[in-house]
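Working notes for the structure below.
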Protein chains: 2
Amino acid sequence: MESEELRNVGLKVTTPRLKILSLLESAKAKHMTAETIYRQLSESGEVIGLATVYRALAQFEAAGLITRHQFEGGQTVFELERGPHHDHIVCVRCGRVEEFYDKVIEDRQREIAEKLGFTLSDHALTLYGECSGGACPAKNG
Amino acid sequence: MESEELRNVGLKVTTPRLKILSLLESAKAKHMTAETIYRQLSESGEVIGLATVYRALAQFEAAGLITRHQFEGGQTVFELERGPHHDHIVCVRCGRVEEFYDKVIEDRQREIAEKLGFTLSDHALTLYGECSGGACPAKNG
DNA sequence: TTCGCAAGTGAGAATGGTTCTCACTGTACA
DNA sequence: TGTACAGTGAGAACCATTCTCACTTGCGAA
């Protein structure tokens with residue numbers, strides 16, 4: 001239940017937070033922008049300010065419930081934190097996002113940081129390309 | 001000579017473009033924001049509009065003279081395109097940027113994209129961490 | 001259950017980085 | 001050298017995000 005999740009991370013249980021969290025959990029698109037979340041809530045009749053969406057997302061992120069990804073072209077998306085770590089590949093034509101995990105790359109990153117004298121705290125790996133054939137809606141138009 | 005470089009990529013040779021390009025070539029910091037470039041030019045007495053800086057950077061990027069990197073926290077930096085491809089590691093405390101290249105990672109990326117049905121056109125790999133000890137100015141204050 | 005108040009909220013203003021507009025200027029080819 | 005047209009500077013516009021502020025709500029204490 002979503003209210004549990006909120007309580008567990010020390011956030012007050014409020015209607016806007018519940019709506020946002022449950023939208024993130026039920027949405028077909030795993031990666032959503034603040035704007036998208038706001039629009040979808042509005043369309044389903046919820047009156048939730050855009051500022052509240054941003055506030056809630058920032059809190060969820062701080063609490064570790066969701067992750068923020070900043071792709072090129074300025075788009076910032078949020079994704080529910082579930083399942084193991086992974087990176088992303090984004091179609092530059094249709095914007096579709098796929099996830100992947102590669103142990104070899106993860107290990108190399110840690111080694112590289114160490115070798116350069118850094119304590120690795122995070123990383124962002126995003127591949128950009130065109131998804132193939134019929135899978136890419138932008139290619140069929 | 002910078003005017004050659006501009007002509008070579010089909011750009012008119014103008015004073016602002018020459019100043020910006022030569023600043024990029026002479027600057028101690030390899031990675032500069034548009035704002036930084038604008039400020040440094042202003043401080044050395046050049047009257048060049050911020051809009052012109054952005055325009056020139058966009059053209060240089062399109063022409064392949066420079067590369068744009070979008071790190072987290074919103075900072076967008078530009079870097080002269082010279083030498084082979086590399087990725088970045090950014091100190092989350094002092095903002096220092098180091099470069100690295102790792103063939104293993106490069107190869108894996110291509111394999112992964114292929115396996116997922118994407119034609120890889122670009123990628124962004126940035127590691128975030130804290131640089132160690134005395135090297136990090138932010139740690140000594 | 002009700003109360004009190006700190007925390008949360010919505011609307012709209014403010015912000016900050018980037019791009020656009022427009023009248024003026026400078027480059028480069030004839 | 002003249003001229004057409006790309007380039008420029010200043011400031012307005014834009015867009016995503018954050019802040020402000022008066023009002024509302026969740027929730028521990030009574």
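Every chain is numbered from 1, with letters handed out A, B, ... down the list of sequences.
One can place CD of B:Q70 at 11 Å from C1' of C:dT18, the figure rounded to the nearest angstrom. Atom-to-atom, CD1 of B:I48 to P of C:dG26 comes out at 13 Å; the value is rounded to the nearest Å. The separation between B:R68 atom CZ and C:dG17 atom P is 15 Å, rounded to whole Å. Regarding A:K19, its NZ atom lies at a distance of 12 Å from the P atom of D:dG26, rounded to whole Å. The CG-P distance, from B:L18 to C:dA28, rounds to 9 Å in whole Å. Here the P atom of nucleotide D:dC27 and the CG atom of A:L6 are 10 Å apart, to the nearest Å. In this structure, CD1 of A:I20 is placed 13 Å from P of C:dG8, rounded to the nearest angstrom. Rounding to whole angstrom units, CD of residue A:Q75 and P of D:dA16 are separated by 11 Å.
Projected onto DNA chain C by closest heavy-atom contact, B:V13 and B:E35 fall at different nucleotides, the more 5' of which corresponds to B:E35. Checking A:Q59 against A:Y38, the closest nucleotide of DNA chain C that is more toward the 5' end is the one next to A:Q59.
Of the possible polar contacts, none joining the B:T126 side chain to the A:A124 backbone as a donor-acceptor pair under 3.5 Å is found. Remark: side-chain polar atoms of A:S132 are paired, donor with acceptor, to backbone N or O of B:G117 under 3.5 angstrom.
Residue A:T14 is classed as a sugar-phosphate contact, given heavy-atom separations below 4.0 Å to backbone atoms only. Among the protein residues, A:T76 comes within range of the sugar-phosphate backbone only, with heavy atoms under 4.0 Å from sugar or phosphate atoms but none that close to a base. Nucleic acid contact for B:L50: base, since at least one base atom lies under 4.0 Å from a heavy atom of the residue. B:R17 comes within 4.0 angstrom of the backbone, heavy atoms only, and of no base.
The B:A51 side chain lies nearest to C:dC20 when the options are C:dT27, C:dC20, C:dA7. Closest contact between the side chain of B:K12 and the listed nucleotides D:dG9, C:dA28, D:dT20 involves C:dA28. Closest to the side chain of A:A34, out of D:dT17, C:dT9, D:dA6, is D:dT17. For A:R7, taking side-chain heavy atoms from C-beta onward, the closest of the listed nucleotides D:dC5, D:dG9, D:dC27 is D:dC27. Checked against C:dT27, D:dG9, C:dA11, the side chain of B:T52 finds its nearest nucleotide in D:dG9.
Electrostatic pairing of B:K103 and B:E106 does not count as a salt bridge here, judged by no charged N lying under 4.0 Å from a carboxylate O.
Close to C:dT18, at under 4.0 Å from its OP1 or OP2, lies a side-chain N or O of B:Y54.
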Under 3.5 Å, which donor-acceptor pairs link side chains of residues 22-29 of chain A to any protein atom two or more places apart or in another chain?
from	atom 1	to	atom 2	distance (Å)
A:S22	OG	A:K19	O	3.4
A:S26	OG	A:S22	O	3.0
A:S26	OG	A:L23	O	3.4

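By the 30° and 60° cut-offs, the orientation of the rings of B:F71 relative to B:H69 is parallel.
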